[in-house]
Amino acid sequence: IALKKLRMPLESTMICLDNSEFMRNGDYVPTRLEAQHDAANLICGTKTQSNPENTVGILTMAGSGPELMVSPTDDMGKILSSLHGVKIGGLTRLAAAIQIGQLALKHRRNKHGGQRLIIFVSSPILDEPKALIKVGKLLKKNNVGVDIVSMGEIEENQKKLEELIEAANSGDNSHLICIQPGILPSDVLISSPIVAGETMHGGDVYNGEIGNGAYGSEFGGIDASIDPELAMALRVSMEEERARQEAAAMQSGSSETKTQEHIDSETTPLLQDNPNEEMDEEDELLQQALAMSMQDARLIKGEAKQANEAEGSSSIVAGSDERKEFKIGVTQFNDQGFVNQLLEQAPGIDPNDPRVRAAMGEAEAKKEEDMDEDKEEKK
């Protein structure tokens, strides 16, 4: 496949970085400052590689005031060194930084190329809208394009940035790109007009999102127009990796199926060799249950027997006690004085009555006869 290699036009770019205290926030991974450096590295590499004569400069907007870190140059060593030398501090002065950046572009080395400011805004803008509009008109007069990357304080700065873009736009050369928190700015910029060079209407707001038609996604994020050989190599590598993953997934699925079949084939003969194993276990359990129930029955019978014996012994003791009491009562009635005392206390009975005395005599005679009989039996 033959891909036509396209070149971007000759251009000098000033990248204005936000190094205010707001850059310490961690709503972008890992911080706003590090995410901004990553995006700036991407832009610098793209600009310098797209045309050998392109130049890039670095400018900071906070601290004690806007500071020119490096004038527009094609030396990537100086550019990267200046990026890593950015320190956090102070508040952003956007209008003053734009004026200094425009002056740096005015004194660029190659006067034939275009001029562009790429501004990162990640903190609240303190300048009045009138001052920003005035600066924007100055940029338009000098034919300087403006690309603004809004991060962090997006809603707060939206109106002011739109007015600035509208004032500076000339021939669709200015864009506003908003990057929401949690998204890596470089992933958004790679599909934006800043890096991809796509045509957008000037002054429009570009809400960058990942995975929605990202530029260069077919070639792993590499611009095929810049390096077609690398793009094709990455594409082939991606296709080979995808095929390898699919083959590995199919192989793992087949191995799992074979393993399950092997397990089933091993367990089936065991069940066939011992068909009565489950029945034997059930019979054994039933026998154990019967033995336990019989043991419980013996225990219950033993307890009942002990209870009956206890009741019998208690009844025997009670009977013996009753007999003792009966004997004691009979002995008392054999006492003549006790009987006379009872007769005297009984109402309506006269102990001197001849009939009572005759009955007493008969009872005494019978008692003597019984005693004689007992003596003869003992003999």
**Message:** Just so I know, are the side chains of E11 and N51 near enough to count as touching, which here means a heavy-atom distance under 4.5 Å?
**Reply:** no
**Request:** Could you tell me whether the side chain of C178 reaches within less than 4.5 Å of the side chain of Q158, counting heavy atoms only?
**Result:** yes
Under 4.5 Å between side-chain heavy atoms, hopping through other hydrophobics if needed: is there a path connecting [X] to [Y]?
X    : Y    : value
I118 : M76  : yes
V70  : L80  : yes
V135 : L68  : yes
L189 : I154 : yes
L138 : I165 : no

If I compare all heavy atoms of [X] with all of [Y], which pair ends up nearest, and what's the gap?
X    : Y    : answer
P66  : A97  : CG-N, 3.8 Å
I177 : P193 : CD1-CD, 4.3 Å
C44  : L83  : SG-CD1, 4.4 Å
Y28  : P181 : OH-N, 3.4 Å
A168 : K140 : O-CB, 3.8 Å
L176 : S150 : CD1-CB, 4.3 Å

**Partner set under side chain to side chain donor-acceptor pair (under 3.5 Å) for N41, not counting sequence neighbours** = none
**Asked** Residues in side chain to side chain donor-acceptor pair (under 3.5 Å) with T55, at least two apart?
**Response** S12
Give, for atom [atom1] of [X] and atom [atom2] of [Y], the distance between the pair rounded to the nearest 0.5 Å.
X    : Y    : atom1 : atom2 : value
N173 : R116 : CG    : CZ    : 6.0 Å
K111 : K106 : NZ    : NZ    : 8.5 Å
R93  : M61  : CZ    : CE    : 11.5 Å
I98  : M14  : CD1   : CE    : 12.0 Å
S170 : N142 : OG    : CG    : 11.0 Å
E67  : S82  : CD    : OG    : 10.5 Å

With a cut-off of 3.5 Å and sequence neighbours excluded, list every side-chain donor-acceptor pair involving residues 124-132.
| unit_1 | atom_1 | unit_2 | atom_2 | d |
| --- | --- | --- | --- | --- |
| D127 | OD2 | L94 | N | 3.1 |
| D127 | OD2 | A95 | N | 3.4 |

Between [X] (side chain) and [Y] (backbone), is there a donor-acceptor pair under 3.5 Å?
X    : Y    : result
D75  : G77  : yes
N19  : K87  : yes
N157 : S123 : yes
N54  : T48  : no

**Test side-chain contact (heavy atoms from CB on, under 4.5 Å) applied to F120 and D147, I43, I179, the passing residue** = I43
**Asked** Taking it one step at a time, do L91 and F22 satisfy side chain to side chain contact (heavy atoms under 4.5 Å, CB included)?
**Response** CA-CA 8 Å; L91 299 174; F22 289 85; 4.2 Å; yes
**Stepwise side chain to side chain contact (heavy atoms under 4.5 Å, CB included) test for I88 and E21** = CA-CA 6 Å; I88 296 177; E21 293 290 344; 3.9 Å; yes
**Message:** Test side chain to side chain contact (heavy atoms under 4.5 Å, CB included) on L17 and L59; report intermediate values, then the result.
**Reply:** CA-CA 6 Å; L17 301 177; L59 172 73; over 6 Å; no
**Request:** Apply the test side chain to side chain contact (heavy atoms under 4.5 Å, CB included) to residues I79 and I15: give CA-CA distance (whole Å), side-chain angles for both, the deciding distance (0.1 Å), then the verdict.
**Result:** CA-CA 10 Å; I79 296 172; I15 300 178; over 6 Å; no
**Item:** NZ/NE/NH1/NH2 to OD/OE distance under 4.0 Å, D18 and R32
**Value:** no
**Request:** List the steps and the verdict of salt bridge (Lys or Arg N to Asp or Glu O under 4.0 Å) for K160 and E153.
**Result:** CA-CA 12 Å; K160 292 182 179 180; E153 316 298 328; over 6 Å; no
**Message:** Around atom CD of E241, are there more than 12 heavy atoms from other residues, nucleotides or ligands closer than 6.0 Å?
**Reply:** yes
